[in-house]
Novice: 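Quick one: the structure is below, questions incoming.
Just so you know, these numbers come straight off a predicted model, no measurement behind them. To find a chain, count down the sequence lines: A is the first, B the second, and so on, and within it residues start at 1.
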Amino acid sequence: MAKEEKLNDQMFVRRQKMDALREQGIDPFGHRFAPDHDISTEIRAKYGNDSEELLAQQQNEVTIAGRMIAKRGSGKASFADLLDRGGKIQFYVRQDVVGEETYQLFKDSDIGDFWGITGDVIKTRMGELTIRARKMTFLTKALRPLPDKYHGLQDPELVYRQRYLDLITNRDSFERFQTWTKIIKAIRNYMDSNDFTEVETPILENVASGAEARPFITHHNALDIDMYMRIATELRLKRLIVGGMERVYELGRIFRNEGMDPHHNPEFDTMETYAAYFDFNDVMQETEGIFKTAAKVVSDDLKVNYQGTELDFSKPFERMHMVDAIKKFTGVDFWPEMTVEEARKLADENGVQYEDWWKVGHIINAFFEDKVQDQLEQPIFIYGHPKEISPLAHLNREDPRFTDRFELYILGNEYANAFTELNDPIDQRQRFEAEAKEHAEGNDEYQPIDEDFVEALEYGMPPTGGLGVGIDRLVMLMTDAKSIRDVLLFPTMRPKTNN
RNA sequence: GAGCCGUUAGCUCAGUCGGUAGAGCAUCUGACUUUUAAUCAGAGGGUCGGCGGUUCGAACCCGCCACGGCUCACCA
């Protein structure tokens with residue numbers, strides 16, 4: 001086959017070595033191996049602080065397994081590094097200990113091969129914790145060479161397409177994904193301990209609703225209908241509030257058929273939470289708890305460095321009304337009641353662009369986005385968004401120009417969006433219809449009204465505080481990742497062609 | 001979607017003025033019983049992303065295409 005012709009010298013040699021192993025009765029793709037209780041981490045924890053002399057005296061025997069990722073051979077004694085999920089650990093092979101046959105097997109073994117090793121824990125003259133091999137079991141042959149051991153895999157395209165190579169050679173990346181898991185677990189634990197119920201709702205939907213986004217369309221053969229990948233979990237979760245679950249959350253993947261860049265992937269994780277009888281102040285407290293919990297995973301003092309800026313999650317997050325924030329950063333005061341003309345004048349004076357159809361609320365929001373947002377560094381809740389830009393939020397009781405909504409900003413980016421949910425079914429239907437009309441006029445993005453959801457509201461949804469958090473971005477923040485692709489094991493990539 | 005940049009050995013990267021391909025790691029041969037980017041001596045390895053053009057001659061200049069990265073606009 002044509003594939004065989006593509007073998008380079010190294011792949012050819014490795015295949016020959018594979019055959020040679022078989023001839024010696026060794027399975028190049030071996031079987032079960034029991035590394036007693038030890039991974040490298042445990043060995044380091046147990047023996048890392050012991051002296052060279054003590055270890056030499058005790059002769060503690062351990063058995064580990066892993067991938068050989070470096071080899072420093074000399075004539076009849078060699079050092080090599082073995083990589084397991086805990087990290088790498090050095091092992092030491094002497095011909096006079098393992099015998100000539102095994103030593104030759106080791107010499108012929110390539111970087112990338114898997115070994116099981118039983119031996120004593122020692123420390124070298126340089127003080128490095130090392131397994132002095134006594135028995136070696138060949139476990140798996142690697143037929144392709146690993147990337148550069150020193151630089152690791154650098155080409156971003158290969159890092160994302162062949163994540164397994166990135167995980168082998170770039171320890172930072174490996175550890176970032178371990179941290180991802182810890183953060184997710186910590187957040188779940190936080191929600192659970194606050195008496196929220198974790199649920200899973202459909203990913204395949206008949207109507208993609210709950211957000212303004214273009215969905216992925218797929219097809220169900222047996223029913224012969226098109227279905228949509230969910231773009232939000234919102235409306236399903238609110239049905240569960242109607243159903244009396246009172247506190248629910250879902251942390252999972254949603255899909256939006258939109259552009260990709262360092263902050264957007266077509267599939268990504270959100271966590272939405274809904275709590276009956278919460279108002280947006282309660283949700284702020286909940287949100288703060290979530291972010292502190294996540295920060296705690298990476299930093300005991302809740303101080304996190306992101307791309308050179310130290311973020312402090314230890315203090316209570318600042319809370320500021322959007323209008324106050326604009327006043328603070330620009331001196332412009334939107335508190336007095338004003339006409340659109342007056343607001344436009346302020347916009348003109350401050351170089352804020354606006355559209356003809358904008359109302360005062362839109363202009364306030366533009367001031368915030370243009371003049372304030374980028375200057376917000378430390379975690380801060382901005383609340384009281386104008387009603388014009390917040391169609392799903394309850395109006396504020398004291399000042400109906402604004403809503404009971406907030407967003408969490410860190411380093412100029414939005415990390416959470418929350419509000420006291422609209423629970424008036426008649427109002428909800430009108431807003432859906434207005435939205436559907438907009439879509440219809442803008443043609444292809446038309447989406448049918450989620451009638452079933454409106455009906456659910458008609459049975460009564462208690463006052464509810466809802467929250468949405470972008471989980472990937474939260475993890476990026478906590479792991480100092482520049483791109484969303486660095487926190488996704490397998491980011492979406494265009495298929496590679498043969499050119 | 002627009003702009004800019006990139007693609008050279010398995011990997012990480014050089015490649016001057018357009019003169020026909022280089023290094024380190026890895027691989028192969030040899031030496032070496034505490035190395036750690038091991039060392040020393042030697043060797044092999046290339047459709048220079050793809051297709052076309054200009055030229056006596058193209059990794060290099062031009063055009064188109066593919067994939068990727070960054071920035072901007074939109075969204076989380």
Novice: Compare side-chain N and O positions of A:R72 against OP1 and OP2 of B:rA38 and report whether any pair is under 4.0 Å apart.
Specialist: yes

Novice: Any strand counts, and the cut-off is 3.5 Å on both contacts for Watson-Crick or G-U wobble. Which nucleotide pairs with B:rG52?
Specialist: B:rC62

Novice: Flag the pair A:D84 and A:R67 as a salt bridge only when some basic side-chain nitrogen lies within less than 4.0 angstrom of an acidic carboxylate oxygen.
Specialist: no

Novice: Check this for me, if you would: do A:E61 and A:R134 make a salt bridge, where the nitrogen-to-carboxylate-oxygen distance has to be below 4.0 angstrom?
Specialist: yes

Novice: State which of B:rG68, B:rU33, B:rC70 makes the closest approach to the side chain of A:P262.
Specialist: B:rC70

Novice: Nearest-Å distance, CD1 (A:I484) to P (B:rG69)?
Specialist: 13 Å

Novice: When the ring planes of A:F79 and A:Y92 are compared, do they come out parallel, tilted or perpendicular, using 30° and 60° as the limits?
Specialist: parallel

Novice: Distance check, P atoms only: B:rC61 and B:rG6, in whole angstrom units.
Specialist: 10 Å

Novice: Determine, stepwise, if the pair A:F280 / A:F419 fulfils ring pair (Phe, Tyr, Trp, His ring centres under 6.0 Å).
Specialist: CA-CA 5 Å; A:F280 79 128; A:F419 32 79; over 10 Å; no

Novice: Of the nucleotides B:rU27, B:rC70, B:rU36, which one has an atom closest to the side chain of A:T124?
Specialist: B:rU36

Novice: Tell me the interatomic distance from A:R14, atom CZ, to B:rG45, atom C1', rounded to whole angstroms.
Specialist: 15 Å

Novice: Tell me if the centroids of the rings in A:F368 and A:Y409 come within less than 6.0 Å of each other.
Specialist: yes

Novice: Starting at the 5' end of RNA chain B and moving along, which residue's nearest nucleotide shows up first, A:T270 or A:K123?
Specialist: A:K123

Novice: As a test of reading the structure: which of B:rU35, B:rG69, B:rC32 is closest to the side chain of A:S74, going by heavy atoms?
Specialist: B:rC32

Novice: Taking NZ, NE, NH1 and NH2 as the nitrogens, is one of them in A:D81 or A:R72 under 4.0 Å from a carboxylate oxygen of the other?
Specialist: yes

Novice: Do the numbers put A:R171 on top of the ring of A:F174, so that NZ or CZ is under 6.0 Å from the six-membered ring centre and no more than 45° off the axis?
Specialist: yes

Novice: Is a salt bridge present between A:E421 and A:K238, judged by a nitrogen-to-oxygen distance below 4.0 Å?
Specialist: yes

Novice: So which heavy atom on A:I290 is nearest to which on A:M271, and how close?
Specialist: CD1-CE, 3.6 Å

Novice: What are the atom names and distances for every N/O pair under 3.5 Å that joins the protein to nucleotides 9-14 of chain B?
Specialist:
residue : atom : partner : partner atom : Å
B:rG10  : O4'  : A:N8    : ND2          : 3.1
B:rG10  : N7   : A:Q10   : NE2          : 3.4
B:rC11  : O2'  : A:D148  : N            : 2.8
B:rC11  : O2   : A:D148  : OD2          : 3.3
B:rU12  : OP1  : A:Q154  : N            : 3.0
B:rU12  : OP1  : A:D155  : N            : 2.8

Novice: Under a 3.5 Å cut-off for both contacts, is B:rC17 paired Watson-Crick or G-U wobble with anything, and if yes, with which nucleotide?
Specialist: none

Novice: For A:R132, which contact category applies under a 4.0 Å heavy-atom criterion: base, sugar-phosphate, or nothing?
Specialist: nothing

Novice: What about A:E128: does its side chain form a donor-acceptor pair under 3.5 Å with the base of B:rU36?
Specialist: yes

Novice: Any base atoms under 4.0 Å from A:D108, or only sugar-phosphate, or nothing? Heavy atoms, all strands.
Specialist: nothing

Novice: Over 60° means perpendicular and under 30° means parallel, so classify the ring planes of A:F196 and A:Y249, tilted if in between.
Specialist: perpendicular

Novice: Rounded to whole angstroms, how far apart are OH on A:Y92 and C1' on B:rU35?
Specialist: 9 Å

Novice: Between B:rC67, B:rC32, B:rU71, which one does the side chain of A:R494 approach most closely?
Specialist: B:rC67

Novice: With respect to the phosphate group of B:rG69, does any side-chain polar atom (N or O) of A:R485 fall under 4.0 Å of OP1 or OP2?
Specialist: yes

Novice: Quick one: is B:rU29 close enough that its OP1 or OP2 comes under 4.0 Å of any side-chain N or O from A:K107?
Specialist: no

Novice: Roughly how far apart, to the nearest Å, are B:rG50 and B:rA58 at atom P?
Specialist: 15 Å

Novice: Using a 6.0 Å distance limit plus a 45 degree cone around the ring axis, check whether A:K359 lies over the aromatic ring of A:Y354.
Specialist: no

Novice: Can you identify which nucleotide, out of B:rU27, B:rC74, B:rA38, has its nearest atom closest to the A:I111 side chain?
Specialist: B:rU27

Novice: Report the distance from atom CD of A:Q307 to atom C1' of B:rC70, rounded to the nearest whole Å.
Specialist: 14 Å

Novice: If I pick the C1' atom on B:rC25 and the same atom on B:rU33, what distance separates them, to the nearest angstrom?
Specialist: 25 Å

Novice: What integer number of Å spans the P atoms of B:rU16 and B:rA59?
Specialist: 12 Å

Novice: Sort me out a list of protein N/O and nucleotides 3-6 of chain B N/O pairs below 3.5 Å, or just none if empty.
Specialist:
none

